[in-house]
Amino acid sequence: MSVSPENTLAYDVAIIGAGPAGAACALALRQRGLRVALLDKAQFPRDKVCGDAIPGQAFKALRQLDPAFVAQLWPLQPRDDVRDSRLVAPSGASLTLQWKLPSFNSPRETFDAALLGLVRMHSDTTILENTVLKSVHIDAECVHLHLAEGAELTCQVVIGCDGANSVVGRKLLPAPLDRAHHCAGVRAYYENVAGASSGTTEFFLSSDYLAGYVWLFPVGAGRYNVGLGMLSEIVAKHKVDLKEVMMRVLATHPELAGRFAGARQLGPIVGFGLPLGGGRERSISGARFMLCGDAASLIDPLQGHGIDTAIQSGILAGEQAAACFEKQDFSAERMREYDARVAHKIGRKLAKSYRLMRFLSNKAWLVNAAVRLARVPGLKPWVQRAIG
């Protein structure tokens with residue numbers, strides 16, 4: 001559905017971006033009696049460059065909204081049910097950690113479309129696909145959203161769930177790229193990877209990667225999401241070509257070279273950016289607006305996942321928007337309640353992850369030591385808690 005240039009459409013809440021944060025926000029608002037529009041520049045299903053890991057905390061948050069949501073997502077195909085993660089230290093020693101909450105991996109093209117399907121099924125949200133937001137202007141009365149096709153949409157509250165390059169964030173809370181709190185990544189899909197196990201995600205660390213790691217995640221149907229992530233300040237400082245490094249690692253790493261000898265790459269290697277959370281204090285709201293997910297820099301700095309925090313923040317933003325309408329108060333002061341809830345529920349864990357990531361990033365010997373310690377009876381649970 002597209003907006004006609006001849007009309008100015010009015011809503012109570014406009015959510016920009018129909019990924020996990022935006023879909024979760026719409027589901028949180030489904031029974032609030034508000035006119036909600038959910039805009040996205042793409043037509044679903046669409047690819048989203050990512051590691052494709054859907055953490056158990058994402059399903060826990062959705063289940064708290066309605067257990068039926070998770071029940072409807074769980075039969076999704078393709079997917080790979082994740083039971084544990086294998087961490088390979090720079091020394092070559094490995095450690096397998098069990099997941100506490102049920103989770104699965106699934107290509108974002110599949111998962112995001114299914115999540116948006118829940119919005120269609122369970123809410124009266126107006127979904128506007130192929131709708132590109134060009135600019136945002138807020139005055140005392142409302143929010144004005146100017147669309148690419150020349151139309152204008154107005155609302156009382158706008159919620160930016162539009163990713164790392166958020167239009168809402170750039171227009172309302174502009175800030176230069178901070179490479180110390182940003183990660184660059186590349187990924188490609190493969191099949192016929194030798195020695196890869198369904199149910200196990202794998203992480204490979206090396207002092208050669210300079211504050212980064214290679215991942216290998218099964219995503220179902222015999223396919224694997226394979227990628228490399230690295231802190232952006234390292235990429236810039238050393239002029240790292242991530243695509244070249246990834247291909248070299250797959251060809252030469254003692255654990256991986258033999259496993260990829262007969263593998264087939266499906267499509268190109270593509271890149272993406274990850275705004276990391278936890279390393280700095282920043283506002284994620286203001287008068288009549290909030291930011292969620294990647295737009296609010298809520299990526300876990302240690303493990304690189306963000307779907308769970310996107311869903312959690314989307315739900316918190318929906319609840320905050322509903323509270324604002326109850327009070328008829330859309331001020332920046334009222335919106336700071338959202339910042340506080342995100343900081344309490346998400347920010348503290350991300351801060352811990354960021355500190356640990358920075359501490360370990362240039363200490364391969366310490367990672368090796370941690371893996372050795374985990375083999376000592378009774379110490380493995382402590383190592384698992386430290387890693388998160």
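- Atom CG of residue D162 and atom NZ of residue K41 lie 8.0 Å apart, to the nearest 0.5 angstrom.
- R108 has no carboxylate O lying under 4.0 Å from a charged side-chain N of D47, or vice versa, which leaves the two without a salt bridge.
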Run T125 and R30 through side-chain hydrogen bond (donor to acceptor under 3.5 Å, both in side chains) and show every step you take.
CA-CA 7 Å; T125 302; R30 71 195 184 284; over 6 Å; no
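- Between E202 and R259, at least one side-chain nitrogen of the basic residue sits less than 4.0 Å from a carboxylate oxygen of the acidic one, meeting the salt-bridge criterion.
- Using a 4.5 Å heavy-atom cutoff, the side chains of L115 and L62 are in contact.
- Under a hydrophobic-cluster definition in which Ile, Leu, Val, Met, Phe, Trp and Tyr are linked whenever side-chain heavy atoms come within less than 4.5 Å, directly or via other members, F359 and L302 are assigned to the same cluster.
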Pair E233-H238, side-chain hydrogen bond (donor to acceptor under 3.5 Å, both in side chains): steps then yes or no
CA-CA 9 Å; E233 68 176 0; H238 296 275; over 6 Å; no
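- In this structure, Y189 has its ring center at least 6.0 angstrom away from the ring center of Y224.
- Salt bridge annotation for R86-E255: present, with a cationic side-chain nitrogen under 4.0 angstrom from a carboxylate oxygen.
- Within 6.0 Å of atom CD in Q77, more than 12 heavy atoms from other residues, nucleotides or ligands are found, so the atom counts as buried in its surroundings.
- A distance of 9.5 Å separates CE in M290 from CD1 in I284, rounded to the nearest 0.5 Å.
- Between K100 and D84, none of the side-chain N atoms (NZ, or NE/NH1/NH2) sits under 4.0 Å from a carboxylate O, so this pair counts as no salt bridge.
- Taking the six-membered ring for Trp, F59 and F104 have ring centres closer than 6.0 Å.
- Here the CG-CG distance, from D80 to N225, works out to 11.5 Å after rounding to the nearest 0.5 Å.
- Taking the centre of each ring, F204 and W215 stay at or above the 6.0 Å mark.
- Within a 6.0 Å sphere centred on CG of D329, other residues, nucleotides and ligands contribute more than 12 heavy atoms.
- Of the inter-residue distances, the one linking I307 atom CD1 with D294 atom CG reads 9.0 Å to the nearest 0.5 angstrom.
- Expressed to the nearest 0.5 Å, how far CG of L38 lies from CZ of R120 amounts to 9.0 Å.
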Show the numbers, then the answer: is there a side-chain hydrogen bond (donor to acceptor under 3.5 Å, both in side chains) between Q98 and R83?
CA-CA 6 Å; Q98 284 70 43; R83 298 180 298 275; over 6 Å; no
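- If you chain together hydrophobic residues whose side chains sit under 4.5 Å apart, V168 and V132 never meet in one group.
- Under a hydrophobic-cluster definition in which Ile, Leu, Val, Met, Phe, Trp and Tyr are linked whenever side-chain heavy atoms come within less than 4.5 Å, directly or via other members, L177 and L172 are assigned to different clusters.
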One pair to check against side-chain hydrogen bond (donor to acceptor under 3.5 Å, both in side chains): D66 and H122. What are the steps and the verdict?
CA-CA 10 Å; D66 191 331; H122 295 281; 5.3 Å; no
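- More than 12 heavy atoms of other residues, nucleotides or ligands shown are found within 6.0 angstrom of CD on Q328.
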Test side chain to side chain contact (heavy atoms under 4.5 Å, CB included) applied to M335 and V157, step by step
CA-CA 10 Å; M335 291 301 182; V157 174; 4.1 Å; yes
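- Within a 6.0 Å sphere centred on CZ of R358, other residues, nucleotides and ligands contribute more than 12 heavy atoms.
- By the 6.0 Å contact criterion, NZ on K60 is open, its count of non-hydrogen atoms from other residues, nucleotides or ligands being 12 or less.
- Enclosure of atom CG in N192 by more than 12 non-hydrogen atoms of other residues, nucleotides or ligands within 6.0 angstrom is indicated.
- Taking the six-membered ring for Trp and the full ring otherwise, the centers of H181 and Y354 sit less than 6.0 Å from each other.
- Considering every non-hydrogen atom in both S353 and D300, the closest pair reads OG-OD2, 3.3 Å.
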Would F325 and D12 satisfy side chain to side chain contact (heavy atoms under 4.5 Å, CB included), going step by step from the backbone distance to the final call?
CA-CA 9 Å; F325 277 94; D12 295 314; 3.5 Å; yes
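- Side chains of Q156 and R288 form a contact here, defined as non-hydrogen atoms less than 4.5 Å apart.
- Residues Y338 and F289 place their aromatic rings such that the two centres sit no closer than 6.0 Å.
- For the pair R35 and Y11, the cation-pi criterion (under 6.0 Å, within 45° of the ring axis) is not fulfilled.
- Exactly one of V119, I127, T126 qualifies for a side-chain contact (heavy atoms from CB on, under 4.5 Å) with S123. That residue is V119.
- Atom NE2 of H344 sits about 10.5 Å away from atom CG of L316, to the nearest 0.5 Å.
- Here the shortest heavy-atom pairing between A14 and C155 reads CB-SG, 3.7 Å.
- Annotation: side chain of D52 is not in contact with side chain of S106 (no heavy-atom distance under 4.5 Å).
- There is a path of hydrophobic side-chain contacts, each under 4.5 Å, that joins L356 to I234.
- Using a 4.0 Å cut-off between charged nitrogen and carboxylate oxygen, R341 and D339 do not count as a salt-bridge pair.
- Linking Ile, Leu, Val, Met, Phe, Trp and Tyr residues whenever their side-chain heavy atoms come within less than 4.5 Å places V214 and L242 in a single cluster.
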